[in-house]
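Proteins get letters first, then strands, A, B, ... in listed order; numbering begins at 1 in each.
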Amino acid sequence: MVNGIERPLDLLNASKGKEVLVQLKGDKQFVGTLVAFDIHVNVVLDNAKEMENGEVKKNIGITFLRGDTIIFISPASTTSLNK
Amino acid sequence: MVNGIERPLDLLNASKGKEVLVQLKGDKQFVGTLVAFDIHVNVVLDNAKEMENGEVKKNIGITFLRGDTIIFISPASTTSLNK
Amino acid sequence: MVNGIERPLDLLNASKGKEVLVQLKGDKQFVGTLVAFDIHVNVVLDNAKEMENGEVKKNIGITFLRGDTIIFISPASTTSLNK
Amino acid sequence: MVNGIERPLDLLNASKGKEVLVQLKGDKQFVGTLVAFDIHVNVVLDNAKEMENGEVKKNIGITFLRGDTIIFISPASTTSLNK
Amino acid sequence: MVNGIERPLDLLNASKGKEVLVQLKGDKQFVGTLVAFDIHVNVVLDNAKEMENGEVKKNIGITFLRGDTIIFISPASTTSLNK
Amino acid sequence: MVNGIERPLDLLNASKGKEVLVQLKGDKQFVGTLVAFDIHVNVVLDNAKEMENGEVKKNIGITFLRGDTIIFISPASTTSLNK
Amino acid sequence: MVNGIERPLDLLNASKGKEVLVQLKGDKQFVGTLVAFDIHVNVVLDNAKEMENGEVKKNIGITFLRGDTIIFISPASTTSLNK
């Protein structure tokens, strides 16, 4: 997936329509389909789930996440979601 | 609801006049009708309620929420409000 | 009060001369008459009172509040000030 | 004192040469004569005193306070300095 | 490796395609191959691993890290990864 | 010293070459000769000393202090350095 | 070393190629040779060592430190590294 990634946001662009893991400050974690993002790293996830210790804590549906609370975003296919 | 969402703020635009759940830093949570928002993600909610563990803690009425304290905003129809 | 609110700051404009509740980070809460605000959400309140658990803790008189410590601002008439 | 206050900084302008109470984040509180301020809400106080529970903890003399640590500024004449 | 480093980002440029250690605020630590970075110090790591006390806690795969949570970035070849 | 102070940074300009007390967030305190400052309130102190409860904890020599950690700066001649 | 320091960054420029002590927020401390810096006070240190109570905790090698976590930077020759 590294091919074609020149700038960090290229990874987000390549992840549109795919499941991603979003780690927030304060230990919140979401999994969902990446629908949109902007240069502030604000994102929209569809079928979002709040996770806790690898288990679904809450179904959030579609959601807008503000960029400044985000630590990292990973395509879920490459990530082990269970600790 | 994903159709037509190119940028994250498109979800907020599509949610105007609908009930949304707003999660703030420091574990505060509000439910209310989304009246307005701007690029700083400042929002106005009508019939706002402060929530705690899925129950109404306080009726706030119409309220202005500063964007920089917001973690996520979800249309309430797609969200399970109870833990 | 929703009529005419296109942008979040329109609610503050409609609240000038009226009593508002201002919630700050760190659980401080003020009630007072909204005199002025700017785009940073700096505000001036007149007859400001610092509140604690719905009771007046301290009379502050007229005061300047810096926007970046503000979580939400609500017209007091629509808000239950007591928990 | 409300007359002529169109923008929040007008209150600071009207308070020049007068004693003000400055509340900082982290519960620090200063009382002193407002000498100068700028749009970042940096201020200079003369005869500044650090206060604790309504009592003078320390005489600071003339001091420069950075705006981003300030929560509120009130003309002391309208404020009860004692809890 | 110091040769040719005129500005701090030159070190990141020289580290592309190499393994780096990324220390985040809140004691999170990642090791991975530096794929991309930008002026906000947002980075993309491939084969990223979350580390704890010098041991792999979790495989993250390819990941986007927001710059504002980053404390330092070091080429792993020059760093002792074990405490 | 108030004469000629129109803007907050004028106090810093008038304090160049003099001993100042710099209070940082997180209760760190420095005393030293103010050599230089800029609009971000970054400062250089010479003969800097880290203070704790009015006593010298550590001699730092000449030092660069980043503005965003600074709470206040006072000319030492007007300040009681002992609690 | 004060001669020729008109602006705070002049001290960093005069310290290039010399050993400096970098104090970070959250009590982390690094010693290393200053290779580069920019206006955000991002820095590159060579032969960097993480220090704890005046002792080397970890050798980091060459490292990029983000400016916004930095409290102060001092030329090591003028600083007592031991408490």
For D/L12, is it the side chain, the backbone, both or neither that has a heavy atom under 4.5 Å from a heavy atom of chain C?
-> side chain
Could you state the interatomic distance from [atom1] ([X]) to [atom2] ([Y]), rounded to the nearest 0.5 Å?
{"X": "D/Q23", "Y": "C/T69", "atom1": "CD", "atom2": "OG1", "answer": "10.0 Å"}
{"X": "C/H40", "Y": "D/L9", "atom1": "NE2", "atom2": "CG", "answer": "8.0 Å"}
{"X": "D/I73", "Y": "C/I62", "atom1": "CD1", "atom2": "CD1", "answer": "13.0 Å"}

What are the two closest heavy atoms between C/F64 and D/L11, and how far apart are they?
-> N-CD2, 3.7 Å
Do C/R66 and D/D68 touch side chain to side chain, with heavy atoms closer than 4.5 Å?
->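 Yes, side chains in contact.
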For the side chain to side chain contact (heavy atoms under 4.5 Å, CB included) test, which of C/L45, C/D38, C/V35, C/L65 pairs with D/P8?
-> C/D38
Region of C/D46 that comes under 4.5 Å of a non-hydrogen atom in chain D |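 Just the side chain, heavy atoms under 4.5 Å.
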Give, as side chain, backbone, both or neither, the part of C/K28 having an atom under 4.5 angstrom from any heavy atom of chain D.
-> side chain
Residues in ring pair (Phe, Tyr, Trp, His ring centres under 6.0 Å) with D/F30, at least two apart?
->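 Listed in chain order: F/F72.
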